[in-house]
Amino acid sequence: MHTLRSIALPLVLALACAGAGAAELVVIVSARNPLSALRPEQVADIFLAQTGRFPGGDEATALDLPVGSPLRDEFYNKMAAKSPALMKAYWTKMVFTGRGQPPRELDNSIAVRKMVAENPSMIGYIDRAALDPSVKAVLVTR
């Protein structure tokens with residue numbers, strides 16, 4: 001017969017390991033962009049096509065990771081409190097009504113970082129492990 005301790009310890013270890021594998025998400029802009037920080041609602045407004053501008057008035061173009069990417073799902077859950085299904089419904093409505101287009105999708109964090117680094121008007125989100133001096137984090141999620 002198993003004791004509670006012999007069952008609970010492996011369960012606790014499994015849960016701890018599952019959390020350790022989670023990526024830390026950062027919202028980035030080019031190192032040449034004058035912004036130093038953004039609030040989650042400002043990021044959400046840009047990524048949901050509610051505004052095409054950064055708070056200072058400069059043009060803002062959002063870049064996305066592919067549909068089905070765990071980092072993308074985490075990003076929209078944290079920034080806009082929307083699941084993948086809600087995001088699909090949101091963009092279907094926005095496109096159908098002519099009020100907006102979803103952000104351009106790139107294959108991975110490295111591709112997003114490179115494109116953002118080259119253009120101060122772009123904003124994206126990446127795994128913190130992909131950060132380098134060509135971009136700066138304006139929001140870090142935990």
Side-chain angles (χ1 to χ4, degrees), residues 2 4-142:
H2 293 296
L4 181 58
R5 186 175 182 165
S6 68
I7 294 170
L9 185 58
L11 180 61
V12 169
L13 289 174
L15 290 172
C17 290
E24 190 173 18
L25 184 140
V26 294
V27 178
I28 58 165
V29 295
S30 170
R32 297 178 293 158
N33 187 308
L35 280 176
S36 59
L38 288 172
R39 295 186 315 273
E41 59 272 14
Q42 293 171 313
V43 172
D45 285 348
I46 293 168
F47 277 85
L48 298 176
Q50 298 300 311
T51 183
R53 305 243 169 237
F54 288 117
D58 292 335
E59 181 183 346
T61 303
L63 296 174
D64 232 337
L65 291 173
V67 170
S69 159
L71 207 57
R72 177 183 171 133
D73 294 347
E74 178 185 351
F75 173 79
Y76 284 105
N77 185 34
K78 288 184 176 180
M79 292 300 123
K82 292 187 185 295
S83 68
L86 287 174
M87 284 307 302
K88 182 176 180 175
Y90 177 84
W91 283 117
T92 299
K93 180 179 178 182
M94 290 293 282
V95 170
F96 181 76
T97 59
R99 294 189 319 184
Q101 292 289 324
R104 177 177 170 189
E105 290 181 19
L106 297 177
D107 291 339
N108 54 46
S109 288
I110 304 297
V112 170
R113 185 194 69 218
K114 286 180 180 176
M115 187 160 282
V116 168
E118 294 169 3
N119 190 332
S121 72
M122 293 192 167
I123 182 170
Y125 56 92
I126 62 174
D127 184 329
R128 186 178 191 131
L131 269 179
D132 74 9
S134 69
V135 295
K136 60 183 167 184
V138 290
L139 179 67
V140 178
T141 68
R142 291 190 169 33

Report, as yes or no, whether the 6.0 Å neighbourhood of atom CZ on R104 holds more than 12 heavy atoms from other residues, nucleotides or ligands.
no

Nearest heavy-atom contact between W91 and P103 is CZ2-CD, 3.7 Å

Only one of V112, V29, V135, L63 passes side-chain contact (heavy atoms from CB on, under 4.5 Å) with M122, and that residue is L63

Interatomic spacing from CE in M94 to CE in M87 - rounded to 0.5 Å
9.5 Å

How would you list, by chain and number, every residue that makes a salt bridge (charged side-chain N to carboxylate O under 4.0 Å, His left out) with R128, sequence neighbours excluded?
E24

Can you tell if the side chain of L35 reaches within under 4.5 Å of the side chain of P55, non-hydrogen atoms only?
yes

Note: R32 and P120 closest approach over all heavy atoms is NH2-CD, 3.5 Å

If I compare all heavy atoms of P84 with all of D73, which pair ends up nearest, and what's the gap?
CG-OD1, 3.3 Å

Just so I know, are the side chains of Y76 and Y125 near enough to count as touching, which here means a heavy-atom distance under 4.5 Å?
yes

Spacing of CD belonging to E74 relative to CG belonging to L25, to within rounding of 0.5 Å
5.0 Å

K88 NZ to T92 OG1 distance, which is reported to the nearest 0.5 Å
6.5 Å

dist N108:CG -> L106:CG (nearest 0.5 Å) comes out at 8.0 Å

Taken to the nearest 0.5 Å, the spacing of D127 CG from L71 CG works out to 6.0 Å

Under a 4.0 Å threshold between the charged nitrogen and the carboxylate oxygen, would D58 count as salt-bridged to R53?
no

Just one of D64, V95, L48, V67 clears the side-chain contact (heavy atoms from CB on, under 4.5 Å) bar with P102, so which one?
V95

Which pair of non-hydrogen atoms, one from A49 and one from G100, has the smallest distance, and what is that distance?
CB-CA, 4.4 Å

Can you confirm whether more than 12 heavy atoms, excluding those of K114, are under 6.0 Å from its NZ atom?
no

Check salt bridge (charged side-chain N to carboxylate O under 4.0 Å, His left out) between R39 and all other residues, then give those that pass, not counting sequence neighbours.
E41

Does this structure show an ion pair linking R113 with D132, if we count only N-O contacts that are shorter than 4.0 Å?
yes

K136 side-chain N/O to A37 backbone N/O, donor-acceptor pair under 3.5 Å:
no

Value for CZ (F75) from CD1 (I126), rounded to nearest 0.5 Å, stands at 12.0 Å

Of V116, I46, V43, which is the lone residue that meets side-chain contact (heavy atoms from CB on, under 4.5 Å) with V27?
V43

Close side-chain approach of K82 and Y90, heavy atoms under 4.5 Å:
yes

Non-hydrogen atoms of E105 and L65 that approach each other most closely:
CG-O, 3.8 Å

Within the 4.5 Å heavy-atom criterion, are L139 and Q42 side-chain neighbours or not?
no

